[in-house]
Amino acid sequence: MPNQGFLISFEGGEGSGKSTQIVRLRDKLTQAGKDVIVLREPGGTAISEQIREIVLSAKNVGIAFTTEVLLFQAARAQIYRELVLPSLEVGKIVLMDRTRDSSVVYQGMVRGFGKELIEQLNDISTKNTVPDLTILLDVPVEIGLKRQMDNGGANRFEMEDASFHERVRQAYLELAKSQPDRWKIVDASLPVDDVDIQVWAEVSAKLGL
Ligand code: TYD
């Protein structure tokens, strides 16, 4: 029987602290005796990491938008076949730093490719897999960009202006509010430990821990 495991995704704009929170959640779940795997998109497998390099490189300003859309999907198709679906099939908890909803927000809603079209591609890439729980780490744009700056290094998306990031934030909030059963919105402007407490409350409630 497929999907015995549990898929939890983290979504949010730049500097929302997804990677920090995912590591903390992984440690807590492991302590609770769960078998956990942490993955990120785009990337997470040797092939997907090569695609990541192409799609995010600041050098590739000339990339066509359709190419960008399809490269994110290509990276996704690979990680689902190689790791996500096999892990779910053996009952693991899969924690993902971004997945299909990033394409819905960035390419579908903000850049205007269209939500429906992206969802059709997402269904192909993921073999119709939707996260069981999605945590939106919501943070005001000024705070997120400042954190990102402090961490150094800008990819093609981080080089966008503040209004782009504001549209990303609003698109995430709209999407999350339209599917409240799956999405939980966490205030990520709070100190890391407080965010951690909120994340754990949502996850432990959903998993019955
Ligand atoms: P990354 O360096 O992983 O940043 P973050 O810490 O914000 O996750 O860069 C991933 C970037 O790719 C991010 O700006 C969002 C973008 N992205 C899309 O536009 N579409 C997608 O489908 C995915 C997975 C990511």
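Note that ligands are numbered from 1 as they come in the structure, with each ligand's atoms numbered from 1 the same way. The structure displayed is predicted, hence computed values, not measured ones.
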### Query
Thinking salt bridges, do R182 and D101 make one under a 4.0 Å N-O criterion?
yes
### Query
Hey, is R100 close enough to E119 for a salt bridge, meaning N to O under 4.0 Å?
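Salt bridge between R100 and E119, a charged N being under 4.0 Å from a carboxylate O: yes.
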### Query
Any ring pair (Phe, Tyr, Trp, His ring centres under 6.0 Å) pairs touching residues 82-134, not counting sequence neighbours?
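Residue pairs with at least one partner in residues 82-134: F65-F113, Y106-F157.
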### Message
Could you work out, with salt bridge (charged side-chain N to carboxylate O under 4.0 Å, His left out) as the rule, every residue matching K177, not counting sequence neighbours?
### Response
none
#### Entry: Worked check of salt bridge (charged side-chain N to carboxylate O under 4.0 Å, His left out) between D138 and K184
CA-CA 10 Å; D138 177 55; K184 300 298 166 200; over 6 Å; no
Expected rows: ligand 1 N/O, protein N/O, dist below 3.5 Å:
unit_1	atom_1	unit_2	atom_2	d
ligand 1	2 (O)	R52	NH2	3.0
ligand 1	2 (O)	N155	ND2	3.2
ligand 1	3 (O)	R52	NH1	3.3
ligand 1	3 (O)	R52	NH2	3.1
ligand 1	7 (O)	E14	OE1	3.1
ligand 1	7 (O)	R98	NH2	2.8
ligand 1	8 (O)	K18	NZ	2.7
ligand 1	8 (O)	R98	NE	2.7
ligand 1	8 (O)	R98	NH2	3.4
ligand 1	9 (O)	N155	ND2	3.2
ligand 1	14 (O)	E14	OE2	2.9
ligand 1	19 (O)	Q107	OE1	3.4
ligand 1	19 (O)	Q107	NE2	2.8
ligand 1	20 (N)	Q107	OE1	2.8
ligand 1	22 (O)	R76	NH2	3.0
ligand 1	22 (O)	S103	N	3.3
ligand 1	22 (O)	S103	OG	2.5

### Query
Quick one: side chain to side chain donor-acceptor pair (under 3.5 Å) pairs with a partner in residues 34-43, sequence neighbours left out?
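Listed once each, the pairs are R40-E49, E41-R76, E41-T99.
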